Amino acid sequence: MKIKRVTAKLYKWTGPVLTTNTVFATPLSPIHSQTDSQAAFRFFSWLVVEVETDEGHIGYGNAGLSPDVTKAVIDSKLTPILLGENPLNTEYLFEKMYRSTVAFGRKGTVIAAISAIDIALWDIKGKVMNQPVFMLMGGRTTPDIETYYSRLYTRDLDSLQAEAVHYKEQGFSGMKLRCGYPLTEGVAGMRKNVEMAKVVREAVGDDINVMLEGYMGFNLAYAKQFLKALEPYNLRWAEELLLPDEIHNFAKLRQYTDIPLSGGEHEYTRYGFHDLLQTGALDIFQFDTNRVGGFTEAQKICNMALAHGIEVIPHGGQMHNLHVVLSSFASPMAEYFPQTEIEVGNEMFWYIFDGEAIAENGRVQLSDTLPGVGLTLKTEGLEHFIITE
Ligand SMILES: [Mg+2]
C-alpha cells in the first residue's frame, strides 16, 4: 500500500464571531500597547489534511492554532517525503518527518503539521484494519470517558455562578474557569480572579472539580501570591500560569504550592515532555494530540507520564484526544469544549466534522465498531467557510 495523495485544506471562517463574552488573560496582557490581548490567540480557521492511498483509503487529520502556516509546511516540506510511502509505517514516517524538519522545526507549527499527518495515517491504519484507533493503541481502559466542561469566561459573578450551576446540573463532574483579570491589573485584579474561583466553588459545592486556566498570562511572582490566595478553594489544578518556556519557574512554583500545576498544551514531542519530567515542572500534562506529534508521540508521552505518576488530560476534546484518553491508564478524563457560536476558534471543529463525541451526563463514549478516528467531513452547512486547497 502506498500514499498517492496528500491534500492540506484550509477552512477559513467568514461568518459571525462572538468575542465579547470571552475575556481572559493571555501572554500579551502585559504588553501595554495591546488593545485586545486575546486577538493573537483566536484562530478563525482550521487545517484539515487528507491522505489517500493507492487502495482507496482516505485518512483525515487536523490542526488548529496557525492553520495557514501549517498548510504551507505540509505542502512544501511533508507531502514530498510522504508520497509513495506505506502509510501503515507510522513510527518510521513520524521519524522521517521529524528528522527531515528538525533544523527548522522541533516545536510549534512544524510539529502541528506532522501531527495532522500522523492522525491521518492512524485513521488509515484503523480503516485498513477495521478497528478504532483506541483499539490499535492498547484498547479500552475504561467503559467510557469522564469529561470536564471547559468554559466559564464571564467576569460577571452572578452569571458565572449561574453558568457553573448549569454545567453541574448537566452532569459534569468538573469545570474550568478562565482568569478574567490580567497581570497588568495588579493586586486588585488578582483579588478579582480569586473572587471568581471563590464564587464558582460556592456555587457548585465541594464535590465538583474546579480548575483554573491561566493561559500563559502571568509570571512567577504573581503566580506565587495568586496560588496562596487560591488555596481555600480546593482547585483540581491551576493551568499554564506561566509562559511554556519557563519550565524552570514551573518547577519552582510546584515546590511552593499544594495546588496541582498543569500545562504542556504548548509543548511538543517526547523531548519537550522529557524536559518537563526531568525538572519536575508539572503534575498534569495537557498536550493536544494535534500539536504534540500525533498519536505516535502522544502514546510515548503517556507511557513516560504513567511511570512518573503524572496525569495526562489532553487539551481540547475532539476525537484525536479521546482515543488517547480511552486507551491510556495515564489519563483519567478529557476536556469538553461544547459546540457554541464561533468565539475563540477551539469550537470550530464542530462546524467542519461529523462524528465528534457529544457528552451525555458529563461523559462521552467512542464506538467499538467505527474504524479509524471516526470522523467524516461535513458536506453541508459550509457556506460561512472559504476552503482553500
Ligand atoms: Mg489551556
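Throughout, numbering of the chain's residues begins at 1 and tracks the sequence. As the structure is a computational prediction, the values presented were derived from the model and not from experiment. We count ligands from 1, going down the list as the structure has it; atoms in each ligand are counted the same way.
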Task: Residue and atom, protein N/O/S, under 2.8 Å of the Mg ion (ligand 1) - done: E213 OE1, E239 OE2, E265 OE1
TODO: For E356, check side chain to side chain donor-acceptor pair (under 3.5 Å) against everything at least two apart and list the hits.
DONE: none
Could you pull out all donor-acceptor pairs under 3.5 Å where a side-chain atom in residues 369-389 meets a protein atom, sequence neighbours excluded?
residue: T369; atom: OG1; partner: S367; partner atom: OG; Å: 3.1
residue: K378; atom: NZ; partner: D354; partner atom: OD1; Å: 2.6

Task: Option among R291, K107, Q286 that satisfies the side-chain hydrogen bond (donor to acceptor under 3.5 Å, both in side chains) test with E267 - done: K107
Open item on the list: I'd like to check the side chain to side chain donor-acceptor pair (under 3.5 Å) partners of T7; sequence neighbours left out, ordered by chain and number.
Closed with: R5
- [ ] Could you check if a side-chain atom of P314 sits within less than 4.5 angstrom of a side-chain atom of V325, using non-hydrogen atoms only?
- [x] yes
- [ ] First locate atom CG of L177, then atom NZ of K198, and finally report the distance between them rounded to the nearest 0.5 Å.
- [x] 14.0 Å
